[in-house]
Amino acid sequence: MKKDAPIGIFDSGVGGSSIWKEIHQLLPNENTIYLADSANAPYGNRSEANIVELSIKNTEALVAMGCKIIVVACNTATTNAIDLLRKKFKIPIIGIEPAIKPAALGTHSKSIGILATKGTLSSALFHKTSEAFTKDISVVEIVGEGLVTLIENGAIESLELRKLLIKYTAPMLVANIDYLVLGCSHYPYLIPQLKEILPDTVTIIDSGEAVARQTKIMLQEIDLLSEEKKAPTLQFFTNAETSTLEFLLKEFQGKIAIQKKEF
Ligand code: DGL
């Protein structure tokens, strides 16, 4: 494998672009290929078998495009499929999980909230991690039903979305949380609104930076960090319309290529 081979990143849709931003910030010389499986989003209400099937399809596509490492930028795909992906593919695979540990270590009120998809919250991997770190802590788990679809449709600033955020965070506030864990890679795009809705006493955390750091550590370990000095190739493929990705990545306009493609 060549050091300038791309990092492959996939998500059920546009949300993992929040993870791509962290990876690109930490590893600005790396070539990247991002796959948004928006035609099949949301994954959150699908069966485990179906999520595994879609995750294999996405990984196969990225491997066929010559990627040196795969980042599963989707909590739902990670918590349901990463063990199988690691068994099936030889290539290193980095996943993303809700950041329960830092929230559990940081909480003073001994109460934390987790907003994630049904698929993540019902997964065995999520339960295992949650049980390991939250023994003396109360955890308010809320399914963010409808949020991913609204984000996919570009309705981030809609009243409908704001109403859902108010509804989903209300029981968390009643439970006196001081940490909100965003357990879905689409949700970092909701942080500005969540900050307006939640009091300053609530710290909002996501896993994007940790995933970027983990990707760098893995590339160092396998000696595949890029040594390129020229501007990287930053490709985005979606199997639906390109407009939402273009909106979410507008600050990178001119530096990235976003295309529609079947995969
Ligand atoms: N970005 C995915 C995640 O992190 C969204 C899941 C979905 O498509 O429902 O869980």
Side-chain angles (χ1 to χ4, degrees), residues 1-43 54-78 81-82 85 89-96 148 151-154 185-186 188-189 207-209 211-216 218-219 222 224-263:
M1 185 65 73
K2 286 194 178 144
K3 291 187 178 187
D4 65 351
I7 297 174
I9 303 162
F10 79 82
D11 179 36
S12 63
V14 299
S17 59
S18 66
I19 312 302
W20 173 86
K21 287 182 188 180
E22 300 283 358
I23 293 172
H24 179 60
Q25 193 175 332
L26 188 68
L27 299 166
N29 299 329
E30 295 286 342
N31 297 315
T32 60
I33 300 180
Y34 180 95
L35 289 189
D37 193 14
S38 292
N40 293 303
Y43 282 10
L54 292 167
S55 301
I56 290 173
K57 164 189 76 77
N58 299 333
T59 306
E60 276 171 349
L62 288 168
V63 168
M65 288 188 245
C67 293
K68 60 184 174 186
I69 189 170
I70 305 294
V71 179
V72 183
C74 177
N75 293 260
T76 312
T78 300
I82 197 141
L85 292 179
F89 298 92
K90 284 197 204 83
I91 185 167
I93 299 179
I94 305 288
I96 181 168
V148 166
I151 296 167
E152 286 291 320
N153 294 338
S185 58
H186 282 66
Y189 287 113
S207 320
E209 220 185 298
V211 170
R213 269 198 315 261
Q214 196 51 40
T215 306
K216 184 176 179 182
M218 178 61 86
L219 287 174
I222 58 177
L224 282 183
L225 266 182
S226 172
E227 287 163 357
E228 279 294 331
K229 297 283 176 284
K230 64 178 193 317
T233 304
L234 307 169
Q235 291 175 286
F236 291 78
F237 296 108
T238 171
N239 50 13
E241 293 314 312
T242 55
S243 52
T244 303
L245 266 182
E246 279 158 8
F247 171 70
L248 296 177
L249 294 163
K250 54 183 180 301
E251 71 261 41
F252 298 95
Q253 207 188 359
K255 294 189 185 139
I256 62 173
I258 305 177
Q259 291 162 62
K260 195 168 171 175
K261 178 184 162 79
E262 294 297 319
F263 58 85

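These numbers come from the heavy atoms of this one structure, side chains and all, not from hydrogens, waters or symmetry mates.
Thr238 contributes atom OG1, which lies 10.0 Å from atom CD of Glu246 (distance to the nearest 0.5 angstrom). The distance from atom CD1 of Ile91 to atom CD1 of Ile70, rounded to the nearest 0.5 Å, is 4.0 Å. To the nearest 0.5 Å, the span separating CD1 on Ile256 from CG on Leu245 amounts to 7.5 Å. Separation of atoms CD1 (Ile94) and OG1 (Thr215) is listed at 5.0 Å; rounding is to 0.5 Å. If you take CE on Met218 and CD on Gln214, they are separated by 6.5 Å, rounding to the nearest 0.5 Å. A distance of 12.5 Å separates CD1 in Ile258 from CD in Glu241, rounded to the nearest 0.5 Å.
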Checklist entry - Under the salt bridge (Lys or Arg N to Asp or Glu O under 4.0 Å) criterion, do Lys21 and Glu251 qualify, and how do the steps go? => result CA-CA 11 Å; Lys21 287 182 188 180; Glu251 71 261 41; 3.4 Å; yes
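In plain terms, the two heavy atoms of Ser185 and Cys74 that are nearest each other are OG-CA, 4.0 Å. Listed here is the closest heavy atom pair of Leu85 and Val72: CD1-CG2, 4.0 Å. For the residue pair Gln25 and Pro28, the shortest heavy atom distance occurs at O-CD, 3.6 Å. Heavy atoms only, all atoms of each residue included: Phe263 and Ala61 are closest at CB-CB, 4.2 Å. Considering all non-hydrogen atoms of both residues, Ala77 and Phe10 come closest at CB-CE1, 4.1 Å. Taking all atoms of both residues into account, the shortest heavy-atom contact from Ala81 to Ser55 is CB-OG, 3.7 Å.
In the displayed structure, Lys255 atom NZ is contacted under 6.0 Å by at most 12 heavy atoms of other residues, nucleotides or ligands.
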For a quick test of your reading: what N or O donor-acceptor pairs under 3.5 Å do the side chains of residues 29-42 make, sequence neighbours left out?
residue, atom, partner, partner atom, Å
Glu30, OE1, Lys68, NZ, 2.6
Glu30, OE2, Ser226, N, 2.8
Asn31, OD1, Thr233, N, 2.7
Asn31, ND2, Asp4, O, 2.8
Thr32, OG1, Trp20, NE1, 2.9
Tyr34, OH, Gly13, O, 2.7
Tyr34, OH, Gly16, N, 3.0
Tyr34, OH, Ser17, N, 3.1
Asp37, OD1, Asn40, ND2, 2.8
Asp37, OD1, Lys57, NZ, 3.1
Asp37, OD1, Asn239, ND2, 2.6
Asp37, OD2, Asn40, ND2, 3.2
Asp37, OD2, Tyr43, OH, 2.5
Asp37, OD2, Lys57, NZ, 3.2
Ser38, OG, Glu152, OE1, 2.7

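Using a 4.0 Å cut-off between charged side-chain N and carboxylate O, Arg213 and Glu209 make a salt bridge.
Contact check for Phe252 versus Leu234: no side-chain heavy atoms found under the 4.5 Å cut-off.
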